[in-house]
Amino acid sequence: MTLTCSGIGVTQGIAIGAAHLLQRGLIEVAPRTVRKRDIPHEVNRFRRAVDDARRSLSGVKKRIPKSTRSEIVDFIDTHLLMLDDAALSEVPISYIRTKKHAAEWALQIQREALAQVFSEMTDPYLRSRIDDVDHVVGQIQKFLLQDGESEVDDLSGHIIIAQDLAPADTILLRHQGVAGFVTEGGGPLSHTAILARSLGIPALVGVHQATRILRNGEPLIIDSKHGALIADADKPILQHYRKLIKQSRKQANALMALVDVPAVTRDGERARLMANIELPEDIEATRSLAADGVGLFRTEYLFMNRQQIPDEEEQFDAYRQAVEGLAGIPITIRTLDLGADKQIDGCMPGGQSCNPALGLRAIRLCLKEPKLFRPHLRAILRASALGPVQIMIPMLSNLQEVRQLKALLQEARESLVRDGLRFSGQVPLGGMIEVPAAALSADAFARELDFLSIGTNDLVQYTLAIDRVDDEVNYLYDPMHPSVLRLIQMVIDAGRRRQIPVAMCGEMAGDPRYIPLLLGMGLREFSMQPGSLLEAKRVLRSLNFARLDRKVSKIIKNIDQPAAMRMLLKLCSEDG
Ligand code: PEP
Ligand code: MG
């Protein structure tokens, strides 16, 4: 029978595929023993589960494309090695034989013993490796529970259902060719959702109870635009969605005609449409869609799904590939924005914060951890010798951070000179305005920096005091809130006064509904995931700037009045 659940769509797309429930975390297993005569059967069950887990992981490894970063393969290799280790593959068998434990129980007892050993380690990195053990134990557990039923280890074309996904998981899933994903938690501005959008994977977040309601293998439809998940759809519904998929492919093809035309309004006002990139594949998309630049390169993804922080050479290599791949298109490399929901495996410096979004994140973390930051700055500077690079600082909240960063940059330049390594003498330095304090002091930041970029994902989060990953408060997430619009206007005005460029690289910039408003507010640089570039250009080319300018000034001036709000809502619902 057809079942519909609602959630929050993070893309416009539609996906059709079979459900695959992702088992996360370990299942609590009840103590259970077996009869003496069943021991050989239990040992066989355990061996088969270990073999199946190995086969499944090797399958994933084989399907990873050659262009993928080697650490993703290393990550899987580590887990394969652990599966071969006697601590996981043999010790539980000895418990089955000597203590008559059921296979699941024997595995759990051994997991507890290993957790005890890890918890006594003094090195925090080694202590955190219990996560790898749990991952591998979870794999064996999963196959024990399936008990011989065939496992879907080719996830391509499947729709993943999970309680939650970290950005790092999303990257791995992408390499397995999944058709879409659905999570119980998370907000549309979480980094997981942003990644899904950038990867073009239809996704829904905030589908409560999804892992309980849905069954493995069940046919599903994700209608991301309308926030709907349809299970077991009947034939007419399926036909309807197949038709929509065809239509959207046609529309996407039609947009390709806009690749080589300029981003200019009907009355000749020019804007720059730039790309937000995170993964190597985004570089090709940026170039083929003729973006005017990269307005945001999120460097933190290089640090995910691995156990060691990439060294300067590896970072340089990644930034070099981006700069060379862009073949002259200017790139804005953002310094590491780790922390909050952008956590990385074992190598996350700093302790656990009780409120990570307000804690040691982004520039705060980097300034506190020079060992992490110095090689990062050197690597970016070295990439600047190969093409037009600018550096951007995330999450600024006071000028002291800019000054400290400038001093570190100077130090990095001097050390590169000493080492005989090349870098450009012309690397503009900009800052992200994503904390209300920075927006309120935009003039001061504009005096110290060469450009500003408004990060609305965080600016909305911090202005309205709502956690961007918490779906319980998602209904309050509103980029059109008068306070948010006032702050955005202050930043644009500060840039104009100081004659420095102001861009926007939050998701708002790529949302066609807001482009007329932002253009009218004076924004000229929009940075968005590559998949949104052509639609943004289509909207922009349909606008009349002079008319918008007058209308938007009136709205912003009277933003607290109901009439202005009505005008604003109308403007944002009709492509201008
Ligand atoms: C933002 O906050 O708007 C932004 C672009 O940065 P991120 O989403 O990576 O935090
Ligand atoms: Mg941000």
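When reading the values below, keep in mind they use all heavy atoms of this one structure, side chains included, and skip hydrogens, waters and symmetry mates. First listed ligand is number 1; within each ligand, the first listed atom is number 1. The shown structure was predicted, so the numbers you read here are calculated from the model rather than taken from an experiment.
- A salt bridge links Asp560 with Arg486: at least one charged nitrogen is closer than 4.0 Å to a carboxylate oxygen.
- When the Mg ion (ligand 2) is compared with the N/O/S atoms of Asp458, atom OD2 turns out nearest.
- Around the CD atom of Gln410, the shell of radius 6.0 Å holds more than 12 heavy atoms that belong to other residues, nucleotides or ligands.
- At a heavy-atom cutoff of 4.0 Å, ligand 1 is contacted by the side chain of Arg468 but not by its backbone.
- Asp493 and Gln489 are linked by a side-chain donor-acceptor pair at a separation below 3.5 angstrom, with hydrogens and angles left out of the test.
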Evaluate side chain to side chain donor-acceptor pair (under 3.5 Å) for Ser532 paired with Gln529, printing each intermediate quantity in order. CA-CA 6 Å; Ser532 299; Gln529 48 120 345; 3.3 Å; yes

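- In terms of N/O distances under 3.5 Å, ligand 1 is not approached by Glu507.
- A donor atom on one side chain and an acceptor atom on the other are found under 3.5 Å apart for Glu184 and Thr211.
- Which parts of ligand 1 touch Arg361 is read off a 4.0 Å heavy-atom cut-off, strictly below it: atoms 10 (O).
- Heavy-atom contacts from other residues, nucleotides or ligands closer than 6.0 Å to NZ of Lys406 number more than 12.
- Among heteroatoms of the N, O or S kind in Glu434, OE1 lies nearest the Mg ion (ligand 2).
- Every atom of ligand 1 with a heavy atom of Cys505 under 4.0 Å away is listed here by number and element: 5 (C).
- Between the CG atom of Asp471 and the OH atom of Tyr477 there is a distance of 15.0 Å, given to the nearest 0.5 Å.
- At a heavy-atom distance under 4.0 Å, only side-chain atoms of Ile194, from C-beta outward, approach ligand 1.
- The protein heavy-atom contact nearest to atom 7 (P) of ligand 1 is His191 NE2, 3.3 Å.
- Considering only non-hydrogen protein atoms, atom 6 (O) of ligand 1 sits nearest to Arg334 NH1, 3.0 Å.
- A side-chain donor from one of Ser527 and Asn276 sits under 3.5 Å from a side-chain acceptor of the other.
- Within the 4.0 Å heavy-atom cutoff, Met432 counts among the residues contacting ligand 1.
- Under the 3.5 Å distance criterion, with hydrogens and angles disregarded, a donor-acceptor pair is assigned to the side chains of His226 and Asp223.
- Contact between Met504 and ligand 1 is absent, with no heavy atom of the residue lying under 4.0 Å from the ligand.
- Remark: ligand 1 atoms within the under-4.0 Å shell around heavy atoms of Leu296 are 5 (C).
- The heavy atom nearest to atom 1 (C) of ligand 1, out of those in Leu459, Asn457, Asn276, is found in Asn457.
- At a heavy-atom cutoff of 4.0 Å, ligand 1 is contacted by no atom of Glu300, backbone or side chain.
- Figure legend: cation-pi geometry between Arg524 and Phe545, with NZ or CZ positioned under 6.0 Å from the six-membered ring centre and within 45° of its axis.
- Numbered from 1 in the order shown, with element, the atoms of ligand 1 that lie under 4.0 Å from a heavy atom of Glu434 read 1 (C), 2 (O), 4 (C), 6 (O).
- No heavy atom of Met392 sits closer than 4.0 Å to any atom of ligand 1.
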